[in-house]
Amino acid sequence: MSSEKGEAKMDLSSPNGTGNAVITSATISENGTTYNFEGPIEGYGQVFITQHWQAVDADKTRGTMSGEARVLGDDGSLVSSPLRGTFRRNGIHAELFFTDCVSNGDMNFVKWDVNFSAKTAVISYYSLNE
């Protein structure tokens, strides 16, 4: 898909999979906030994720994220992935965008919609595999 300026644009209307996670804990420090999440992800299984969010502005509305994910498949298999990305926050909501490089060979672009008040994250991923 192209934009009016002729630039390539990624279609985020049809994810390869979705999921829901809940925030199970948060640790706040001078260097940012570390969140732990867990929940089911379509096509993978039960996910356990730790992410460290670090703001780059005084209002803490934008910043970077680094983390690690472990996924326990329904068959008992375990895969993992490092996570690196960026976020933007608006009030109690945040959008998080990152890539993962799963130990099974999958690579995905991932979008999360986080609601801090409800302690939930709606997850969509888009396969970068050919």
- Could you list who else is in I41's hydrophobic cluster, with ILVMFWY side chains joined at under 4.5 Å, directly or through other members? I23, Y35, F37, Y44, V47, I49, W53, M65, V71, V79, L83, F87, L96, F98, V102, V110, W112, V114, F116, I123, Y125

- Least distance between heavy atoms, G67 atom then R84 atom: O-NH1, 3.4 Å

- Message: Testing the basics here: between S124 and P15, what is the closest heavy-atom pair and its distance to 0.1 Å?
- Response: CB-CB, 3.9 Å

- Between T64 and T86, is there a donor-acceptor pair closer than 3.5 Å when you use the side chain of the first and the backbone of the second? no

- Task: Could you note down all residue pairs passing salt bridge (charged side-chain N to carboxylate O under 4.0 Å, His left out) where residues 87-99 supplies at least one of them, sequence neighbours left out?
- Result: R88-E95, E95-K111

- Query: Does CG in N129 sit with more than 12 non-hydrogen atoms of other residues, nucleotides or ligands closer than 6.0 Å?
  - Reply: yes

- Query: Which residue pairs pass the salt bridge (charged side-chain N to carboxylate O under 4.0 Å, His left out) test with at least one member in residues 70-80, sequence neighbours excluded?
  - Reply: E68-R70

- Would you sort out whether L128 and N108 count as a side-chain contact (heavy atoms from CB on, under 4.5 Å), showing the intermediate values? CA-CA 5 Å; L128 300 175; N108 299 297; 5.6 Å; no

- Identify, with sequence neighbours excluded, every residue that meets side-chain contact (heavy atoms from CB on, under 4.5 Å) alongside N115. I92, H93, S117, A118, T120

- Could you list the residues that satisfy side-chain contact (heavy atoms from CB on, under 4.5 Å) with E38, not counting sequence neighbours? V22, T24, Q46, F48

- Message: For the backbone of T61 and the side chain of D59, can you confirm whether one donor and one acceptor N or O come within less than 3.5 Å of each other?
- Response: no

- From N16 atom CG to T18 atom OG1, the distance as rounded to the nearest 0.5 Å: 10.5 Å

- Message: Whether the H52 and T34 side chains hold a donor-acceptor pair (N or O, under 3.5 Å, no angle test) is what I'd like checked.
- Response: yes

- Message: Applying salt bridge (Lys or Arg N to Asp or Glu O under 4.0 Å), can you list everything that pairs with R62, at least two apart in sequence or on another chain?
- Response: D57

